[in-house]
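Below, chains carry the letters A, B, ... as their sequence lines are ordered, and counting in each starts from 1.
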Number of protein chains: 2
Amino acid sequence: MSTNAIPADELLKLENQLCFPLYACSKEVVRRYTPFLDELGLTYTQYLVMMALWEYGNTSVGELGRRLFLDSGTLTPMLKKMEAKGLLRRVRSTEDERRVEISLTADGEALKEKAARVPIAMGQCLTVSPEDAAELTRLLRKILDAIQVD
Amino acid sequence: MSTNAIPADELLKLENQLCFPLYACSKEVVRRYTPFLDELGLTYTQYLVMMALWEYGNTSVGELGRRLFLDSGTLTPMLKKMEAKGLLRRVRSTEDERRVEISLTADGEALKEKAARVPIAMGQCLTVSPEDAAELTRLLRKILDAIQVD
DNA sequence: AATATTTATATTGTATACAATTTAATTGTT
DNA sequence: AACAATTAAATTGTATACAATATAAATATT
C-alpha cells in the first residue's frame with residue numbers, strides 16, 4: 001500500500017469520480033419516469049415491485065427485497081400502500097409464519113398491459129443507442145455483482 | 001409510430017431495462033460510502049456539497065443545485081444542518097437579496113484533507129478497472145447531457 | 001412610476017431509503 | 001424437550017428527494 005501520488009485536489013473533483021455521475025444519472029432518469037408512471041398511479045419503486053411480481057410471480061417480502069436491493073424498512077410500508085390500492089395481497093404464510101407472501105390481485109395483473117407503454121415511452125425519451133445501453137447495462141451489472149461479494 | 005413487435009412480457013423484464021441496474025447500482029455504491037463518510041460526519045449528499053465547494057469555491061444555493069442536480073427543497077434543510085455543524089456559512093446576499101451565498105468555514109476547508117481518504121478507500125472497495133470506470137463515466141455523462149436538453 | 005413577469009429560496013407534503021432495534025417464529029444444539 | 005442462534009418482518013429514527021406552492025426581490029413592460 002504505497003502512498004498515492006494523486007493530490008487531494010484531484011481525487012476530490014466531482015468529474016474524476018465515478019459515483020457522482022452514477023448517482024446523478026440514476027436520479028434524473030428515475031425522475032423522467034414520473035409523468036408516465038403517474039398515469040398508472042405508481043411511483044418508480046412501486047413500478048419495480050410490480051415488474052418483479054409480473055416477471056417472477058408471487059414471492060415473499062424478503063425475496064422481493066433481495067431482487068430489488070430493498071430492505072423491509074422500505075418495502076413493508078410501500079407494500080401496505082400498494083395493498084390498500086388493490087394491486088397486491090399481503091398474506092402471512094401458514095407454512096412459515098415469519099414470512100409474508102405477496103401476490104398480485106387481478107387489478108395488479110391487469111396493470112401489466114398498460115405498463116408496457118412505459119419502457120417504450122422511456123426508450124424514446126432517453127435516446128440511448130442500443131449499443132450504449134447494452135454496454136452500460138453490462139458495466140453496471142459487473143459492479144453490482146462485484147459489490148455483492150464482500 | 002408503428003406497433004412495437006416486442007411483447008409486454010419482454011419489455012417489462014427487469015433484466016431488459018437499463019434503469020433498474022442504474023438505480024440499484026447507484027444505491028449500492030452510495031451505501032458503500034457510508035462507513036468512510038461516517039468518520040467525517042457526513043452523509044453522501046453532504047459529501048457531494050463539500051466536494052462542490054472545495055472544487056468550485058463559494059456559490060449560491062441555486063448554483064450548487066444546478067451542479068449537483070438537487071433542488072432547494074433538498075438543499076435548504078441540508079445546508080442548514082451543515083451550517084449548524086460548522087462546516088459552512090449561509091449568508092443572504094446584499095447585492096441580490098434573493099440569493100443565499102454558501103461559503104466554507106475554516107473547519108469545512110480543513111475537512112478536505114481527511115476527505116481525500118474517501119475516494120482512495122472506495123477505489124479499493126469497488127474493484128472496477130480504470131478502463132471500465134472511464135467507459136462507464138463516459139456513458140453516464142452522455143445520458144446526463146442528453147437528458148438535460150429537453 | 002406602476003404593474004406584470006421572472007427569479008431565488010424556503011416551505012409543505014408525500015415517498016422513499018436504510019441503519020438499528022424489536023418481535024415472533026423456526027432451526028440447530030445439547 | 002430446553003435453550004441458543006438464526007431468520008423474516010415490522011418498527012423507529014434520521015436523511016434525503018422532489019413536486020407544488022409560497023414569499024420576496026429583481027427585472028421587464030407599458
With a non-hydrogen cut-off below 4.0 angstrom, is [X] in contact with a base, only sugar-phosphate, or nothing?
X: Asp71(B); result: base
X: Glu95(A); result: sugar-phosphate
X: Glu101(B); result: nothing
X: Gly73(B); result: base
X: Arg90(B); result: sugar-phosphate

N-O pairing of [X] and [Y] below 4.0 Å:
X: Arg117(A); Y: Glu39(A); value: yes
X: Lys85(A); Y: Glu83(A); value: no
X: Glu63(A); Y: Arg66(A); value: no
X: Arg99(A); Y: Glu101(A); value: yes

### Task
Answer yes or no: side-chain N or O of Ser72(A) and base N or O of dA10(D) forming a donor-acceptor pair under 3.5 Å.
yes

Take atom [atom1] of [X] and atom [atom2] of [N], then tell me their distance rounded to the nearest Å.
X: Met82(A); N: dA15(C); atom1: CE; atom2: P; answer: 12 Å
X: Asp38(A); N: dA15(C); atom1: CG; atom2: C1'; answer: 13 Å
X: Tyr33(B); N: dA15(D); atom1: OH; atom2: C1'; answer: 18 Å
X: Leu70(B); N: dA10(C); atom1: CG; atom2: P; answer: 14 Å
X: Arg32(A); N: dA19(D); atom1: CZ; atom2: C1'; answer: 14 Å
X: Gln46(B); N: dA17(D); atom1: CD; atom2: P; answer: 10 Å
X: Glu97(A); N: dT26(C); atom1: CD; atom2: P; answer: 6 Å
X: Leu79(B); N: dA8(C); atom1: CG; atom2: C1'; answer: 14 Å

### Query
Taking the nucleotide of DNA chain D with the closest heavy atom to each, which residue, Gly62(A) or Glu28(A), is nearer the 5' end?
Gly62(A)

Do the side-chain N or O atoms of [X] get closer than 4.0 angstrom to the phosphate oxygens (OP1, OP2) of [N]?
X: Thr45(A); N: dA15(C); answer: no
X: Thr76(A); N: dA10(D); answer: yes
X: Lys27(B); N: dA17(C); answer: no
X: Arg31(B); N: dA19(C); answer: yes
X: Tyr44(A); N: dA17(D); answer: no
X: Lys81(B); N: dT16(D); answer: yes
X: Lys80(A); N: dT11(D); answer: yes
X: Thr43(B); N: dT16(D); answer: yes
X: Arg98(A); N: dT6(D); answer: no
X: Ser60(A); N: dA9(D); answer: yes

#### Entry: Which nucleotide in dA10(D), dT16(D), dC18(C) has an atom nearest any side-chain atom of Met78(B)
dT16(D)

## Note on the structure
Met50(A) and Leu111(A) have their tightest heavy-atom pair at CE-CD2, 4.5 Å

### Query
Starting at the 5' end of DNA chain C and moving along, which residue's nearest nucleotide shows up first, Phe69(A) or Leu75(B)?
Leu75(B)

### Message
Any heavy-atom pair between the side chains of Leu11(B) and Ile120(A) that's under 4.5 Å?
### Response
yes

### Candidates Tyr33(B), Phe69(B), Tyr44(B), Tyr23(B) - the one meeting ring-ring contact (aromatic ring centres under 6.0 Å, His included) with Tyr23(A)
Tyr44(B)

